[in-house]
Amino acid sequence: MPIDVRRFGVGHRRPDGPSGTTGIQGQVIESGAGGLITELAFARRARIAPHTNPNWTYFVVIEGGGWVGVGDERSRVQAGEAVVWPPDVLHAAWTDGSPMRAIVVEFTGPLLALPGVVEGSATPATRGDGSLVPRPMDTHHRGVDPESEEGEPP
């Protein structure tokens, strides 16, 4: 099966953005029976007008930051944060003085439980709680000079 590469980002966005938006360019990455995945690029002072839809939607900020509204609540968001827009609840997103990029994932059907996933709750971590520990390089399967090699390890 060939690799299916979907392009988005600069040079691949529609210049007019989705309907109900101002100052936004977007590119659909996937659209099918299960949902929709879109990249949105917000200019300064851009906005998605308040609206509802019947689907669960995840608004994942990947660059910059701005604001989101869900129902009567408003919150500042930044890269590395995701917001859940529940079905049939008024929601919006906008920027003020800085641009923002987001990936929007919308599920058109009910969210299904995945095998092996246990229902429960998680305690949110505060910033700085986690850490990445460097893993020693395994040179057994690679050349003597790993700095000169490119690509993924075997």
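If you read the sequence from its start, that first residue is 1, and numbering goes on from there. These numbers come from the heavy atoms of this one structure, side chains and all, not from hydrogens, waters or symmetry mates.
Listed by first and then second residue, the salt bridge (Lys or Arg N to Asp or Glu O under 4.0 Å) pairs involving residues 40-50 amount to none (not counting sequence neighbours). Sorted by first and then second residue, the salt bridge (Lys or Arg N to Asp or Glu O under 4.0 Å) pairs with a member in residues 60-79 read Glu63-Arg101, Arg76-Asp96; sequence neighbours excluded. Sequence neighbours left out, not one pair with a member in residues 51-61 passes salt bridge (Lys or Arg N to Asp or Glu O under 4.0 Å).
Once rounded to the nearest 0.5 Å, the distance linking CG of Leu36 with CG of Asn53 reads 9.5 Å. One finds the CD1 atom of Ile29 at 7.0 Å from the OG1 atom of Thr38 (value rounded to the nearest 0.5 Å).
Qualifying side-chain contact (heavy atoms from CB on, under 4.5 Å) partners for Thr95, counting only residues two or more places apart in sequence or in other chains: Phe42, Ala46, Met100. With sequence neighbours excluded, the residues that form a side-chain contact (heavy atoms from CB on, under 4.5 Å) with Leu90 are Pro50, Thr52. Residues passing the side-chain contact (heavy atoms from CB on, under 4.5 Å) test with Val70 are Val83, Trp85, Pro86, Val89, sequence neighbours excluded.
Taking every heavy atom of both residues into account, Gly65 and Ser98 meet most closely at O-OG, 3.6 Å.
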Open item on the list: For Leu40 and Thr21: C-alpha separation, side-chain torsions, deciding distance, then whether side-chain contact (heavy atoms from CB on, under 4.5 Å) applies.
Closed with: CA-CA 10 Å; Leu40 296 178; Thr21 66; over 6 Å; no

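One hydrophobic cluster, built from ILVMFWY side chains closer than 4.5 Å, holds both Ile48 and Val68. Grouping the Ile, Leu, Val, Met, Phe, Trp and Tyr side chains by contacts below 4.5 angstrom, directly or via other members, places Val77 apart from Trp94.
None of Thr108, Val105, Asp88 except one satisfies the side-chain contact (heavy atoms from CB on, under 4.5 Å) rule with Asn55; the exception is Thr108.
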